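Here is how names work: the chains are called A, B, and so on, in the same order as the sequence lines, proteins then strands, and each is numbered from 1. In this text the structure is predicted, and so the values were computed from the model without any measurement.
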There are 2 protein chains.
Amino acid sequence: MNVETALQKLKEKGYKRTKQRERILEIFVKQDQYIAAKEILKEIQNDFPGVSYDTIYRNLYMLTDVDILEATELGGEKHFRLGCDTHGHHHHFICTTCGKTKSIEFCPMDSINENLNGYDVENHKFEIYGKCPQCH
Amino acid sequence: MNVETALQKLKEKGYKRTKQRERILEIFVKQDQYIAAKEILKEIQNDFPGVSYDTIYRNLYMLTDVDILEATELGGEKHFRLGCDTHGHHHHFICTTCGKTKSIEFCPMDSINENLNGYDVENHKFEIYGKCPQCH
DNA sequence: GTTTAAATCGTAATGATTATCAATTAACTT
DNA sequence: AAGTTAATTGATAATCATTACGATTTAAAC
Ligand SMILES: [Mn+2]
Ligand SMILES: [Mn+2]
Ligand SMILES: [Zn+2]
Ligand SMILES: [Zn+2]
């Protein structure tokens, strides 16, 4: 997904177009990896020295909510990345050094034959952690 | 695993037997669910009004390190549970209301045929979240 | 250009986790 | 049983991510 597509999606949902949002989206579009909130803040401060953490988190959560970003918890911090829209539901290998990801086109839920009768499944997480070829 | 077995394991590793450790282990042995650090603190304060958070965390991490406990991140907080030693490597359904778990005797890594050549896999996480029959 | 609700900023509060260090204690030695 | 010592704990403060909030600004609709 590119920045304009994302901003279009936001417009349709009634969100305003702001310079800060554009900038946040640019950061994510550029890199295929999970990024922590403080890294986003740091990056944005180049253009907007006075950005508030409130602005960062509010937007990250909002963008996750409208499925533009994906979130996960890495090393006790929330990390975000641009959602993959080139294919369907899938999972990721995540490099514990640089945060780059590789898609895993396999969902273990499809293979679950455990008896989960009586259980209400709301969500699931399958992530593989390690070193990518560049960091290995 | 029971408290005495766990304490024996600690002894073999050179850790001392303390009342606080016994108490922490008792809590975990009693319940088949993920518990947050602050809940452990609260529980232990009944017997040791002055326990320090340092004692709680140090022990939880140490017990995880020697494979007596398992840890995971739930809702932004570290949670711990007694490791399952009745069967081999497996995963869990986790109730998002009460923290109780159900073993899932299936590991998606066994079914991974993705090409991960050049990637160094260190770890993986597969968890299913939802409501258990009691909380449903 | 006016209006208005959304968004941002500046700043403070919260809450979990980590760190420090003096005092205590379990386990070993004599 | 008393002495020794390193591990452990308690009291407390620091750190760090995240959340909260009122005042100000701004995007976008009219
Ligand atoms: Mn992907
Ligand atoms: Mn289990
Ligand atoms: Zn990498
Ligand atoms: Zn439950």
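- Contact annotation for B:Asn59: backbone-only contact, meaning every heavy-atom pair under 4.0 Å involves sugar-phosphate atoms and none involves a base.
- No close placement of the B:Phe80 and B:Tyr34 rings is indicated, their centers lying 6.0 Å or farther apart.
- With ring centers used as reference points, A:His91 lies under 6.0 Å from A:His124.
- The side chain of A:Lys16 places no N or O atom within less than 4.0 Å of a non-bridging phosphate oxygen (OP1 or OP2) of C:dT8.
- Atom OH in B:Tyr15 sits about 10 Å away from atom P in D:dA7, given to the nearest Å.
- Heavy-atom nearest nucleotides on DNA chain C were determined for B:Arg17 and for B:Lys38, and the one closer to the 5' end corresponds to B:Lys38.
- Of the side-chain N and O atoms in A:Arg58, none sit less than 4.0 angstrom from OP1 or OP2 of C:dA7.
- For the residue pair B:Thr72 / B:Glu127, a side-chain donor-acceptor distance below 3.5 Å is found, with atom types taken as modelled.
- The distance from atom CG of A:Leu63 to atom C1' of C:dA7 is 13 Å, rounded to the nearest whole Å.
- Between B:Asp47 and the choices B:Lys19, B:Arg23, B:Lys42, the salt bridge (charged side-chain N to carboxylate O under 4.0 Å, His left out) rule is met once, by B:Arg23.
- Taking atom CD on B:Glu77 and atom C1' on D:dA17, their separation rounds to 13 Å, with Å as the unit.
- The phosphate of D:dT8 has OP1 or OP2 within less than 4.0 Å of a side-chain N or O from B:Arg21.
- In this structure, the CG atom of A:Leu10 is 15 Å from the C1' atom of D:dA28, given to the nearest Å.
- Across all strands shown, A:Lys11 has no heavy atoms under 4.0 Å from either base or sugar-phosphate atoms.
- Atom pair B:Tyr57:OH and D:dA14:C1' shows a separation of 15 Å (rounding to whole Å applied).
- With 3.5 Å as the limit, one finds a donor-acceptor pair spanning the side chains of A:Glu122 and B:Thr96.
- Between B:Tyr53 and A:Thr18, the residue whose closest nucleotide on DNA chain C is further toward the 5' end is A:Thr18.
- Checking the phosphate oxygens (OP1, OP2) of C:dT18, a side-chain nitrogen or oxygen of B:Tyr61 falls inside 4.0 Å.
- Rounded to whole angstrom, the span from the NZ atom of A:Lys19 across to the P atom of C:dA7 amounts to 14 Å.
- One can place NE2 of B:His79 at 14 Å from C1' of C:dT17, the figure rounded to the nearest angstrom.
- Mapping B:Gly14 and B:Pro49 onto DNA chain D by nearest heavy atom places B:Gly14 closer to the 5' end of the strand.
- Between B:Gln20 and D:dG10 there is a side-chain polar atom (N or O) within less than 4.0 angstrom of OP1 or OP2.
- OP1 or OP2 of C:dT8 has not a single side-chain nitrogen or oxygen of A:Ser52 nearer than 4.0 Å.
- Nucleotide C:dT8 holds its P atom 13 Å from the CG atom of A:Leu41, rounded to whole Å.
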